[in-house]
Number of protein chains: 2
Amino acid sequence: MGEHFQDERLTAVGLLYEAFAGLNSRFAAQFCAHGLSTVEFEVLTRLARSPGHQLRMTDLAAQTSLSTSGVTRVVDRMERDGLIGRRACPADRRSSYAVITQAGLSRLDEILPGHLELIEQWFTGQLEPAQLSAFLDALRTIRDAVHPCATAGSTASGHAPEHAVVEA
Amino acid sequence: MGEHFQDERLTAVGLLYEAFAGLNSRFAAQFCAHGLSTVEFEVLTRLARSPGHQLRMTDLAAQTSLSTSGVTRVVDRMERDGLIGRRACPADRRSSYAVITQAGLSRLDEILPGHLELIEQWFTGQLEPAQLSAFLDALRTIRDAVHPCATAGSTASGHAPEHAVVEA
DNA sequence: CGGGGAATATTGCCGTGCGTATAGTTGCTA
DNA sequence: TAGCAACTATACGCACGGCAATATTCCCCG
């Protein structure tokens, strides 16, 4: 494997990865400054965007790629903090709704401005549009050179479902 | 706090956040398919990009925003898997180098194509350039409306608590 | 030359957080 | 009414990482 070539890809991936990791950690730091974890923020936004500001536990789990038990616990924590509450489902007494409270909405209101600011900084600062498109061109070139027909059938180290891309 | 306005911001943040979260989880899934965790991938790229394919434990910790003990343990795992090795530092017998092995480089080679592909898909698919700039404009507008003087001062690089809100 | 303090890596201890498997409850249908 | 399905909550265990303590080595200053 050409060393030089590998270097090219590595620096490209490395730089971009740094940028992503940096953004993630800044997100986390900002959430933390407001007493939230990443998943808790996600739960909050999901609920806030849902009709009636509520969601069944199962649906919440499905929409956050968390297991149902994980959702139970997150909701436990956030209920303890007063950010969300549980509400019995009138139609089906097996289900229960997680519903965002006024405190939860306020918390979201506190976080959003800084969050948006961070996003904008990232895109306009760290990732100049021109830089970005140039980078993407380079990416494509490199990739085409490696995988003329993509296919990606690489057969890894006998480890697993290859490109098992999941996600909802 | 205007409900309508809040909704605007929420959908904006929510959509973007989904995009980021989706990318993250796809990254993780891909790494996992090759038997790596996220930090392990980061360590691998960091070492591969370093002169001599090696880095002192402390430096590795500094560059990965992991504590030194965390690095020790990650290196333990990866050494056990044969992806990297330890090498005594000739100049300073307190230090030791983590050095990437041939197997580690090969593993990286297996991962990179799919990784690059994913990145390109994300930028060109999920985040159309036109969409993106429009979105950023909207962002800016919204933000300005909320924080006329924003200031934003700061913290492009540290993790200052910013609006350190209490609440446990 | 010697001693104290700084730097470095490792390890024990512990908290966190999640997933799997299990249990308990309620709804639905024959 | 019985039995199966759907839903949530809990028990258990695991992986991960930070903090603080420890051992070793280096370096500076008297």
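So you know, we letter chains A, B, ... as the sequences are listed, proteins then strands, and number each from 1. Here the structure is a predicted model, which is why all the values come from computation and not from measurement. Note that these values count all heavy atoms, side chains included, but never hydrogens, waters or copies made by symmetry.
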For [X] and [N], what is the distance between atoms [atom1] and [atom2] respectively, to the nearest whole Å?
{"X": "Leu66(A)", "N": "dG19(C)", "atom1": "CG", "atom2": "P", "result": "5 Å"}
{"X": "Leu36(B)", "N": "dA15(D)", "atom1": "CG", "atom2": "C1'", "result": "15 Å"}
{"X": "Met57(B)", "N": "dT25(D)", "atom1": "CE", "atom2": "P", "result": "17 Å"}

Can you check whether [X] reaches [Y] side chain to side chain, under 4.5 Å on heavy atoms?
{"X": "Leu83(A)", "Y": "Val43(A)", "answer": "no"}
{"X": "Glu42(A)", "Y": "Leu66(A)", "answer": "no"}
{"X": "Leu118(A)", "Y": "Phe27(A)", "answer": "yes"}

Test side chain to side chain donor-acceptor pair (under 3.5 Å) applied to Arg46(A) - qualifying residues, sequence neighbours left out: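 For Arg46(A) the side chain to side chain donor-acceptor pair (under 3.5 Å) partners, ignoring immediate neighbours, are Gln63(A).
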For Asp92(A), side chain to side chain donor-acceptor pair (under 3.5 Å) partners two or more places apart: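 Asp92(A): side chain to side chain donor-acceptor pair (under 3.5 Å) contacts with Arg94(A).
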Same cluster (ILVMFWY, side-chain, under 4.5 Å), Leu47(B) and Leu105(B):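 Yes.
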Those residues that, when tested against Glu40(B), pass salt bridge (Lys or Arg N to Asp or Glu O under 4.0 Å) (two or more places apart):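 Testing Glu40(B) for salt bridge (Lys or Arg N to Asp or Glu O under 4.0 Å), a comparison that skips the adjacent residues, returns Arg77(B).
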Just the table, please: protein N/O against nucleotides 24-27 of chain C N/O, every pair under 3.5 Å.
from    : atom 1 : to       : atom 2 : distance (Å)
dG27(C) : OP1    : Arg93(A) : N      : 3.3

For DNA chain C, the residues among residues 72-87 of chain B that have a non-hydrogen atom under 4.0 Å from it: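 By residue number: Thr72(B), Arg73(B), Arg86(B).
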Nearest-nucleotide comparison on DNA chain D, the residue closer to the 5′ end among Ser69(A) and Glu40(B):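 Of the two residues, Ser69(A) wins.
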ring-ring contact (aromatic ring centres under 6.0 Å, His included) involving Phe41(A) - partner list, sequence neighbours excluded: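 Residues passing ring-ring contact (aromatic ring centres under 6.0 Å, His included) with Phe41(A): Phe31(A), His115(A), Tyr17(B).
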Option from Val71(A), Val39(A), Val74(A) for which side chain to side chain contact (heavy atoms under 4.5 Å, CB included) with Thr64(A) holds: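 That would be Val71(A).
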Residue mapping more 5' on DNA chain C - nearest nucleotide basis, Asp59(B) or Gly70(A):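 On the 5' side of the pair lies Asp59(B).
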Among dC19(D), dT8(C), dG19(C), the one nearest Ser67(A) by side-chain distance: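 Among dC19(D), dT8(C), dG19(C), the one nearest the side chain of Ser67(A) is dG19(C).
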Under-3.5 Å donor-acceptor pair between Thr68(A) side chain and dC7(D) base: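 When only heavy-atom distances are counted, Thr68(A) does not reach the base of dC7(D) through any donor-acceptor pair under 3.5 Å.
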Sugar-phosphate only, base, or nothing, as touched by Val71(A) at under 4.0 Å among non-hydrogen atoms: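 Result for Val71(A) = nothing.
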